Amino acid sequence: MLAYRFGPASPAPSAPPFAAATASAQSEASEWGLKRLPVSAAILVVAARRCRPARRCPLSARAASATWQELRQTPPTEAKACAGWGCRCGDGPYAYQTSEDFKNHPAVRSLTAWCRSWGLPPIETTALDPEGYRTRGKMPVGPGGSGPVVGLFKRSTWKVVPVAGCAANHPRLVAAVESIEEAVRANGVRAFDHDGAARFALRQQALRFVELTLERRSGLVQLVLVWNGTKQASPQLEGLVERLWAEGRYHSIWVHWREPSPRLLRAIHSKTPEAWEQVRPKEGSGYVVERLDGLDFAFGPASFQQANLQVFERVLQDMKASLRQLLRCFPLSRGEKHHDKLRLLELCGGVGVIGLSLAHALKEEVSHLSLVSTDQNPNCAKLFCENAKQVEGEISAEFAAMSATEALSALSDADVLILDPPRRGLAAAQQRARLLGGQEEAAAIRNSSVWAVIYMSCGHDSFMADASRLLAGGAFRLLELRCYDMFPYTSHIESLGIFLRQREPADLSKDVQEEPAQQTPAPVQKMQCQFLIGINQDRDFNVRQRLLGDRGHNMKLIASATGAKLRLRGRGSGFKEGPRRVESRDPLMLCISSTDEEKHQEAVRLVRELVEDVYEQYSAFQQSRGQEADCQVQIHEGPRPGSRT
C-alpha cells in the first residue's frame with residue numbers, strides 16, 4: 001500500500017498503453033522523445049521539459065510480452081557521463097510516475113518490507129517534476145581534447161568528462177556550465193589535471209572545480225571558482241572573472257583559494273575560512289537567499305543546501321503539520337490556548353532552515369518556545385544568526401558548534417529532537433555498505449526526556465537501522481513514515497519519520513541496545529538463478545560481447561523491461577569481485593536476481609531467448625570452421641553455490 005501525491009506543477013499521469021515492442025521501436029522511440037537531438041545541452045533540457053505533460057510508460061510497460069528478438073530492436077543509446085554515478089536520465093522516460101511504479105523503487109521496496117516487519121502503517125510517497133530539479137551542483141574541471149572540460153569524473157577514474165545532457169540539472173545551470181567552458185578556453189585558463197602524475201602537489205595555478213547555486217527568485221547563479229594556488233594575483237583568473245561577470249547571468253562570483261598541499265589529498269576545499277573570497281560584486285552580500293515555505297534563508301557558498309528545493313519545501317510543510325499533530329497528544333500545562341514551554345534541539349542543522357521553520361510554525365501555539373541548533377561546522381553560526389533575525393522576539397534561538405554525538409549530551413533539556421544527519425545516519429562511519437556505530441546515540445535518545453523525534457533521512461538503510469533502535473523496547477512508536485523522490489533518476493529516496501514516545505526512560509530496560517529478535521526486519525525474498533554459458537571466452541567468437549551487447553545494451557534492455565539485476569561473472573567475464581578484486585574461477589555464467597516472482601520469470605524467459613540466440617550464432621561460427629557445437633541451455637535455480645545469500 002503506497003499513496004502517491006503530485007505537486008501543482010505535476011498532474012497525475014495518464015500514460016497511454018503500449019503494445020509489445022516491434023521492429024518499429026526506433027521510430028516509436030523518436031515519437032516519444034527518446035531520439036538523440038542534435039542541439040545544445042540547454043535546448044535538450046528545455047525540449048525534455050516541453051515533452052513532460054505527455055508522460056510515457058517505462059520500457060517494461062511496452063516489453064512485458066515482447067520476445068527477445070523484438071526487444072533487441074530497441075536501438076542502443078550513448079551513455080551519459082552522469083550514468084556512471086547512478087543517474088538514469090539517459091535510459092528513456094522516467095520509470096517512476098505512478099504509485100504502482102514506486103512500489104518497484106528499490107529504496108521504497110526495502111522500506112515497505114521493513115514497515116511490514118514492524119507492523120507499521122503504509123508508506124506515503126511525494127514526487128514532483130523529475131526534470132531540471134537540481135539547482136545546485138559541484139563539478140570538476142579537467143583537460144579535454146578541445147580544451148578544458150567542466151563535468152563529472154568518469155566512474156572509477158579521475159578523468160573529467162562533459163556533463164551536458166543530464167535532465168536533472170536546471171536549464172540555467174546547464175547554460176552556466178557552457179558559458180564557463182567557453183570563457184575558460186577563451187582566457188587560456190589552465191585546467192587542473194586530476195589524473196596527472198603530480199596531482200597531489202601540483203603548484204601551477206589552475207582551475208580545479210566550479211560550484212553553482214541557482215537563486216530561484218532572481219534566476220541568477222552563484223559561482224564559486226575553486227582555484228589551485230595560494231591567494232595571489234593571476235591574470236588568467238582575473239580575466240575569467242571579468243568575462244563571466246559581464247555576461248549578467250551570475251548572482252555573485254567567489255574564489256576559493258585551495259592551497260596545493262599534499263596533506264589535503266583529494267579534498268575539494270581548504271580547511272581555513274580565509275580561503276573563501278567574494279570577488280563580485282565587490283560590495284554587498286554574495287549570499288543566495290531562498291524563500292522556503294514562508295521564511296527567507298541566506299546560504300553562503302560553503303553552506304549545505306538541498307539540491308531539490310521544490311520537494312524540500314514539501315518536506316517542511318509535512319514536518320510542520322506533523323509537529324502540530326504531536327502537540328495535540330499532550331495536555332496543556334497552563335491556560336486553554338497555549339502550551340507553556342517547548343524546547344527544540346536540532347542536530348546537523350546547518351544554517352537552521354528546518355529548526356527555525358518548525359519553531360516559527362508553532363509560535364501561536366506555545367507560550368515559551370526555544371531552539372538550539374547544532375552543527376559541527378562553526379562557519380554556520382554567522383548565517384544562522386542572520387536567518388534567526390526574522391523570528392527574533394518570537395522564539396529564543398541559539399547556535400552551538402558541535403557534532404551530533406556531542407549534541408546528544410544536551411538531550412536532557414529537549415522536548416523535540418530534529419534530526420537531518422548525513423547518509424550514514426547516527427552511525428559514526430560507513431565502510432562500503434556497513435554502518436559502524438549508532439547504538440550509543442540511539443540509546444541516548446531512548447533514555448532522554450525527548451518525547452518526539454522528527455527524523456529526515458537521505459539514506460534508507462541507515463534510517464531503518466536507527467529507527468529499529470529507537471523502537472526497541474517500546475521506547476518510541478513510529479506514527480508515520482513518508483518518502484520523497486528528492487533525487488529523480490537515481491536509486492535514492494528521502495524519508496521522513498515521526499516518532500512519539502510510548503514509555504518513559506525509567507520504564508525502559510537498561511540493557512536494551514537493539515530491537516527485539518522477533519522484530520528484526522525480515523529480509524526481502526530474493527529469487528535467483530544462473531545460466532551456465534558453456535562457451536569459453538576468446539577473441540574469435542567473443543561470447544562476452546555477444547551476451548552483454550554494445551556497452552551492455554542487452555543487459556540494460558532486460559533490466560529495464562523486468563527490473564531484475566543481471567551480472568555476467570566467472571572466467572572470461574571481466575567482472576572482478578571479492579576483496580582482492582579478481583575474476584572468479586567459476587565457469588562463465590549469467591546471474592539473475594529479482595524480488596518480484598512474475599518479473600523474475602519474465603527476465604528468465606528473455607535471458608533464455610538471448611542465450612539460445614547466442615548458441616545459434618556459435619553453432620554457425622563453429623560450422624564455418626569445420627567443427628560442430630552442441631550447446632544446451634543449463635539453468636541452476638536458487639543462489640549459486642558458495643554465495644553469501
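Owing to the predicted nature of the structure, the values given are computational and were not obtained by experimental measurement.
- Remark: Glu394 pairs with His360, Lys363, Val391 by the side chain to side chain contact (heavy atoms under 4.5 Å, CB included) rule, at least two apart or across chains.
- Residues passing the salt bridge (charged side-chain N to carboxylate O under 4.0 Å, His left out) test with Glu238: none are found, sequence neighbours excluded.
- The ring pair (Phe, Tyr, Trp, His ring centres under 6.0 Å) check on Phe209 picks up His194, with sequence neighbours excluded.
- Shown here are the side chain to side chain donor-acceptor pair (under 3.5 Å) partners of Glu392, two or more places apart in sequence or in another chain: there are none.
- Applying the salt bridge (charged side-chain N to carboxylate O under 4.0 Å, His left out) test to every pair with at least one member in residues 221-237, sequence neighbours left out, gives these pairs: Lys231-Glu277.
- For Phe499, the ring pair (Phe, Tyr, Trp, His ring centres under 6.0 Å) criterion is met by no residue, not counting sequence neighbours.
- Applying the ring pair (Phe, Tyr, Trp, His ring centres under 6.0 Å) test to His269 and every residue at least two apart in sequence or in another chain returns His256, Trp276.
- In this structure, Asn308 and Pro488 approach most closely via the heavy-atom pair ND2-CD, 4.1 Å.
- The two residues Gly132 and Pro171 make their nearest non-hydrogen contact at CA-CD, 4.5 Å.
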Could you go through the side-chain contact (heavy atoms from CB on, under 4.5 Å) check for Leu347 and Leu345 one step at a time?
CA-CA 7 Å; Leu347 274 60; Leu345 174 63; 3.7 Å; yes
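- Remark: Glu182 engages Arg243 in a salt bridge, criterion side-chain N to carboxylate O under 4.0 Å.
- Residues satisfying the side chain to side chain donor-acceptor pair (under 3.5 Å) criterion with Gln205, sequence neighbours excluded, are Ser234.
- Side-chain contact between Leu426 and Ile445: present, with at least one pair of heavy atoms (C-beta onward) separated by less than 4.5 Å.
- Remark: side-chain polar atoms of Glu290 are paired, donor with acceptor, to backbone N or O of Arg216 under 3.5 angstrom.
- Applying the side-chain hydrogen bond (donor to acceptor under 3.5 Å, both in side chains) rule to pairs touching residues 342-352 yields Arg343-Asp415, Glu346-Ser373, sequence neighbours excluded.
- Contact of the Asp195 side chain with the Thr157 side chain is not registered, since no non-hydrogen atoms from C-beta on lie closer than 4.5 Å.
- Checked against ring pair (Phe, Tyr, Trp, His ring centres under 6.0 Å), Tyr489 has the following partners two or more places apart in sequence or in another chain: Tyr94.
- Partners of Phe575 by side chain to side chain contact (heavy atoms under 4.5 Å, CB included), not counting sequence neighbours, listed by chain and number: Arg567, Arg569, Ser573, Glu577.
- Taking the side chain to side chain contact (heavy atoms under 4.5 Å, CB included) definition, one finds that Asp293 meets it with Glu313, Gln317, Lys320, sequence neighbours left out.
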Evaluate the side-chain contact (heavy atoms from CB on, under 4.5 Å) criterion for residues Leu173 and Val221: first the C-alpha distance (whole Å), next the side-chain angles of each, then the deciding distance (0.1 Å), finally the verdict.
CA-CA 7 Å; Leu173 294 193; Val221 176; 4.2 Å; yes
